[in-house]
Structures are given as C-alpha cells and as structure tokens.
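First comes the structure, then the notes that go with it.
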Amino acid sequence: MAKPWAPSHIAEVAKGLGIDLRISGDVKTALIPILETELRRITKEMEDQTLEADPDRKTLDDPSRTRLGFNRTKGMMSDNLRRVDSVAAAATVSANERLEAYLLHLLRMASHVAARERVGTIKDRHLEKA
C-alpha cells in the first residue's frame, strides 16, 4: 500500500500555492486524511469516466480532456538538460501545464486575428500575426 504524504510536504505544497500563513502541525496532520478522502473520490470518478468512455481500457485516463504526452514531454525535457541529470515527474507536469497555457494563449490570439478577417479557420497567417 502506498504511503501518504508527509505533513511537512503538505506545508511545502501549500507555500507553493500562495498560502502565506504558517500551518500548525495539527492542521498539517489533519489535512492528510482529508486529501486522501478527496483522492479516493477523484480516483473513483476518473475510473468510472474512463471505463464509460472505453470499457476495455486497463489504464486510468483523464477522460475529460486530452493532454500533451507525459513521456514525450519528459523525454524532450531530458534532451534539453545541461546542468542536472534527470527530470522529475513534478517538473514534467508543470512543464505540460505551462505548455498547455501557452498553446491556449497562442490559439486565442490567432483566433482573434481570424475573427477580424471573418473566417472560421485559424490559418498559418493568423498564427504568424498572433
């Protein structure tokens, strides 16, 4: 069985989320079972949705959206490393989130350009102008 998160790790994650106040040890400890309960709910929901979309699937998926490939991104990041040896899963997830936000930004800008031309398809020229 997998070990739950450490209370100190919960506090570090909270700092990264912008929580400026200190968190008491009791609260850090209390958050662990709360997060575990939420993770069980999320896992069940995702499992149900995955099997609803593909009853023969054997791997949990994110059925609500398609994402950039984790392994592909991690491999490409590894190819670009110069001063460290490997890429952590957290770095890969973060990079994918940033790439998806960048993709959304680019496509929104290109769609505005296309809308000004009153066309329904984003073309190369729209992306270049964006």
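Counting begins at 1 with the first residue of the sequence.
Taking a cutoff of 4.0 Å between a charged side-chain nitrogen and a carboxylate oxygen, Glu117 and Arg125 qualify as a salt bridge. With respect to Lys15 and Glu12, a salt bridge is recorded, a charged nitrogen being found less than 4.0 Å from a carboxylate O.
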Please assess Leu103 against Leu99 for the test side chain to side chain contact (heavy atoms under 4.5 Å, CB included), listing each intermediate value before the final yes or no. CA-CA 6 Å; Leu103 174 64; Leu99 285 168; over 6 Å; no

Walk me through it: do Arg67 and Asp62 pass the test side chain to side chain contact (heavy atoms under 4.5 Å, CB included)? CA-CA 8 Å; Arg67 299 184 181 271; Asp62 181 358; 3.0 Å; yes

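The closest donor-acceptor contact from the side chain of Asp54 to the backbone of Thr50 lies at 3.5 Å or more, if one exists at all. Between the side chain of Ser94 and the backbone N or O of Ala90, no donor-acceptor pair lies under 3.5 Å. His126 places a side-chain N or O within donor-acceptor distance of the main-chain N or O of Lys123, the cut-off being under 3.5 Å.
Evaluated for a side chain to side chain contact (heavy atoms under 4.5 Å, CB included) with Trp5, the options Leu31, Val13, Leu39 yield exactly one hit, Leu39.
Contact detail for Leu106 and Ala130: the closest heavy-atom pair is O-CB, 4.2 Å. Counting all heavy atoms, side chain and backbone alike, Phe70 lies closest to Val93 at CE1-CG2, 3.9 Å.
The salt bridge (Lys or Arg N to Asp or Glu O under 4.0 Å) analysis of residues 22-42, with sequence neighbours excluded, yields the pairs Glu38-Arg41, Arg41-Glu45.
Grouped with Val113 in a hydrophobic cluster is no other residue, since no side-chain heavy-atom contact under 4.5 Å to another Ile, Leu, Val, Met, Phe, Trp or Tyr is found.
Residue Thr66 holds its OG1 atom at 7.5 Å from CG of Asp61, rounded to the nearest 0.5 Å.
The local environment of CG in Asp124 is sparse, with at most 12 non-hydrogen atoms from other residues, nucleotides or ligands closer than 6.0 Å.
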